[in-house]
Structures are given as structure tokens and as C-alpha cells.
Chemist: 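Before I ask anything, let me first share the structure, which is written out below as C-alpha cells.
Order of the sequence lines fixes the chain letters, A, B, ..., with proteins taken first and strands second; residue numbering starts at 1 for each chain. The model shown is predicted, which means the values in this text are computed figures rather than measured ones.
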2 protein chains.
Amino acid sequence: MAADHGFIADCRARLAFDLLANTWNAVVVWALRAGPSRPGELRERIGGISPKVLTGTLRRLRFNGLVERRAYAGSPPRVEYTLTGLGLTLLEPVEAFGVRVFEHGEDVMAARERAEAAEHAPG
Amino acid sequence: MAADHGFIADCRARLAFDLLANTWNAVVVWALRAGPSRPGELRERIGGISPKVLTGTLRRLRFNGLVERRAYAGSPPRVEYTLTGLGLTLLEPVEAFGVRVFEHGEDVMAARERAEAAEHAPG
DNA sequence: CAGAATCCTTTACGATACTG
DNA sequence: CAGTATCGTAAAGGATTCTG
């Protein structure tokens, strides 16, 4: 069970990749690589994510043990989110993935244009 | 702009991680690591994915240039899907992620149980 | 400032049946 | 066997407003 990295049958893979199977999960993990961050910082850093969606995403990540929440007493409220050990472990491949997409971003765009052209031409 | 791997602002990250932002995207990429595969093989290998959803996922992956489709003439139909160069490039971090989740799967489960307990206790 | 509440829209997912 | 069509459900995303 610890040595079948070569091949994983059935839907254990789905359980694993569910950790990323949302629009913002990986983005937020990525944004947290800078260290403990407040929600406002995250929203600014990410761009285009609404407060509600960020809250929901952080909740999911906490639920799965990737992220920790720490609240400080006082007013105005101060809250910080941090990657847990597990989150840091998973950050590495996430970051590697992101870097590669950035490196090969033009391949993706080219593929999309080709696909769109192929949709319009024969249709 | 090719050297800011240390920090990516705004929502380019979202564009990147959209490639994984679905339930089955990463799972199918993962399942294709074995080499060219027919849809039936993929369904069997993955488990729990319906034909329609597999088709849709493969379509998305093709659209983004991660996967290639090759159809062979004849009857019954024979179709094979393969990871493109880009797909192979991205497979590595995907696989690394999967492996790590399998290694630390118990952390995830423990976090979920803790989270569920925390929901029920105070509520 | 954090985040809960509300309302709406979109879309992925799932089961099933059907066609070439 | 590959893929489409149809139907229904569930959930995520988005915009906005409000409260401690």
C-alpha cells in the first residue's frame, strides 16, 4: 500500500485530486507560499476572488488539513492563515505545476486557438 | 517576465490552475501516464467515471493542449488518447502531488474528522 | 477587517438511453 | 466501442449587503 506509486487503480486518485478540484484551491495554496497571510492580503495578491469565495476556499482547505487559521483578539479583527505541514508538503508539486504552466503558457494558448478554430471551421 | 517564478501576482495563477480545476482533469491525466489509452481502458482504470463525463474531461484536456486524440478507421471504432508533450511536462508535478497525498492520506482523513467533530460539538 | 447572509447564474456531475 | 443527447441535481462561483 505504500509502494504502489507506479500505478493506482480505482478512485483513490479522485480522492487525492479532489484537494485541487476547485477553481481556487490551488491558487490560494499558491498564494499562501509567501507565509502567514491575512484574507485581505490574499485577495489583493490573487486578484479577482470575492471575499465570500475566498472564505469558502479557505474553509475547504482547512477542512482537508492544508491550512490553519489563527485569530488574534482585538478590534479591528486580525486573522491569519498559514499552510500546515501537509500544506507545505503539497505546495511543492503545486508550485512546480504552476511554474511549468507559466513556462509553457503559450502552448496552452496555441492549443486553445487551434481548438476554437477547429470548432468554427467545420461547424 | 520569465523570471518571476518567485511571485506571481494577479490571476495568471488562476488561468494556470484552471487546468486542474475540475474533479476529473488531474485524474485523467494521471490515468494517461501509462501511455496511449482507449476510453474504455481509462474508465476501467479510473473507476466511477461515466462515459459522458470522461468524454467531457478529455475534451477539456484536448482543448488546453494536454491530450491528443487519435482515431483509427474501422469497425468497431478504435480511439486512443495520449498525453502531448505539454501533458507529459505537467504530468510530473501532478504525479508528485498524487504520491504525496497518498503518503499523507491519513493526515487528510484526520483533519477531516477533526473538522467534523468541531462542527458537531459546538453546534 | 473578517466573514456571514442573501440571491442569482452557471456548470460540472451523474444516470440513462440512444446512434454510428 | 466511442460518443452524443437528455434530464435532473448539486455545488461552485459571483455580486452585493450587512454585522461584530
Side-chain angles (χ1 to χ4, degrees), chain A residues 10-11 13-15 17-29 31-32 36-64 67-82 115 118-119 122-123, chain B residues 10-11 13-15 17-29 31-32 36-64 67-82 115 118-119 122-123:
Chain A
D10 71 344
C11 36
R14 191 203 146 151
L15 271 148
F17 293 122
D18 258 4
L19 300 181
L20 299 181
N22 286 93
T23 304
W24 296 105
N25 283 11
V27 178
V28 171
V29 169
L32 278 167
S37 310
R38 302 176 63 176
E41 293 175 329
L42 290 173
R43 273 190 285 118
E44 187 182 351
R45 194 175 301 157
I46 292 170
I49 187 173
S50 77
K52 175 202 156 188
V53 172
L54 176 61
T55 300
T57 304
L58 287 167
R59 186 185 294 283
R60 271 194 307 264
L61 293 175
R62 264 195 298 159
F63 181 78
N64 288 316
V67 159
E68 229 172 33
R69 177 185 187 274
R70 188 169 298 176
Y72 299 89
S75 181
R78 177 183 181 85
V79 177
E80 275 186 353
Y81 288 90
T82 318
E119 274 177 12
Chain B
D10 70 341
C11 36
R14 192 206 144 147
L15 272 148
F17 293 122
D18 257 4
L19 300 181
L20 299 181
N22 286 92
T23 304
W24 297 106
N25 283 10
V27 178
V28 171
V29 169
L32 279 167
S37 310
R38 303 176 62 176
E41 294 175 327
L42 289 173
R43 273 190 283 119
E44 188 182 350
R45 193 176 301 157
I46 292 170
I49 187 172
S50 76
K52 176 201 154 188
V53 172
L54 177 61
T55 300
T57 303
L58 287 168
R59 187 186 293 283
R60 270 195 307 264
L61 294 175
R62 263 196 299 160
F63 181 79
N64 289 314
V67 159
E68 228 172 35
R69 178 185 187 273
R70 188 170 299 175
Y72 300 88
S75 181
R78 177 182 180 85
V79 177
E80 275 186 354
Y81 288 90
T82 318
E119 274 176 11

Chemist: Report the distance from atom CZ of R59(B) to atom C1' of dA5(D), rounded to the nearest whole Å.
Modeler: 13 Å

Chemist: CG of L54(B) versus P of dC13(C): gap in Å, rounded?
Modeler: 11 Å

Chemist: Please state whether the phosphate of dA2(D), meaning OP1 or OP2, lies under 4.0 angstrom from any side-chain nitrogen or oxygen of R69(B).
Modeler: no

Chemist: When all nucleic acid strands are considered with a 4.0 Å heavy-atom cut-off, which category describes P39(A): base, sugar-phosphate, or nothing?
Modeler: sugar-phosphate

Chemist: In a check of side chain to side chain contact (heavy atoms under 4.5 Å, CB included) between T57(A) and each of V27(A), V29(A), N25(A), which one passes?
Modeler: N25(A)

Chemist: Taking only N and O in the side chain of R14(B), is any of them less than 4.0 Å away from OP1 or OP2 of dG14(D)?
Modeler: yes

Chemist: Measure from CZ on R70(B) to C1' on dA2(D) and round the result to the nearest Å.
Modeler: 17 Å

Chemist: State, yes or no, whether a side-chain contact exists between Y81(A) and E68(A) at a heavy-atom distance under 4.5 Å.
Modeler: no

Chemist: Just call it for R38(B): base, sugar-phosphate, or nothing, with non-hydrogen atoms closer than 4.0 Å on any strand.
Modeler: sugar-phosphate

Chemist: Rounded to whole angstrom units, what separation is found between the CG atom of L58(A) and the P atom of dA4(C)?
Modeler: 11 Å

Chemist: Look at the side chain of K52(B) and the base of dG3(D), then say whether one donor and one acceptor between them are separated by less than 3.5 Å.
Modeler: no

Chemist: Whole angstroms only, please: what is the CD1-P distance between I46(B) and dG14(C)?
Modeler: 12 Å

Chemist: Does any non-hydrogen side-chain atom of R69(B) lie less than 4.5 Å from one of V79(B)?
Modeler: yes

Chemist: In whole angstrom, what separates E80(B)'s CD from dG3(D)'s C1'?
Modeler: 17 Å

Chemist: Determine, for E41(B) against R43(B), whether the closest basic-nitrogen to carboxylate-oxygen distance falls under 4.0 angstrom.
Modeler: no

Chemist: It should be established whether R60(B) places a side-chain nitrogen or oxygen under 4.0 Å from OP1 or OP2 of nucleotide dC13(C).
Modeler: yes

Chemist: Of all the choices, dA2(D), dA12(D), dT4(D), which nucleotide is nearest to the side chain of N22(A) once you look at every atom?
Modeler: dA12(D)

Chemist: Looking at T23(A), I'd like to know whether one of its side-chain N or O atoms comes within less than 4.0 Å of OP1 or OP2 on dG13(D).
Modeler: yes

Chemist: Taking for each residue the nucleotide of DNA chain D with the nearest heavy atom, is it E41(B) or V53(A) whose nucleotide lies nearer the 5' end?
Modeler: E41(B)

Chemist: What is the distance from CZ of R78(A) to P of dG3(C), rounded to the nearest Å?
Modeler: 13 Å

Chemist: Taking only N and O in the side chain of R43(B), is any of them less than 4.0 Å away from OP1 or OP2 of dG3(D)?
Modeler: no

Chemist: Measuring to OP1 and OP2 of dT11(C), would you say a side-chain N or O of W24(B) lies under 4.0 angstrom away?
Modeler: no

Chemist: Any side-chain donor-acceptor pair under 3.5 Å between R45(A) and S37(A)?
Modeler: yes

Chemist: Looking across every strand, which nucleic acid part, if any, lies under 4.0 Å from Y81(B) by heavy atom: base, sugar-phosphate, or nothing?
Modeler: sugar-phosphate

Chemist: Nearest-Å distance, CG (L42(B)) to P (dA2(D))?
Modeler: 9 Å

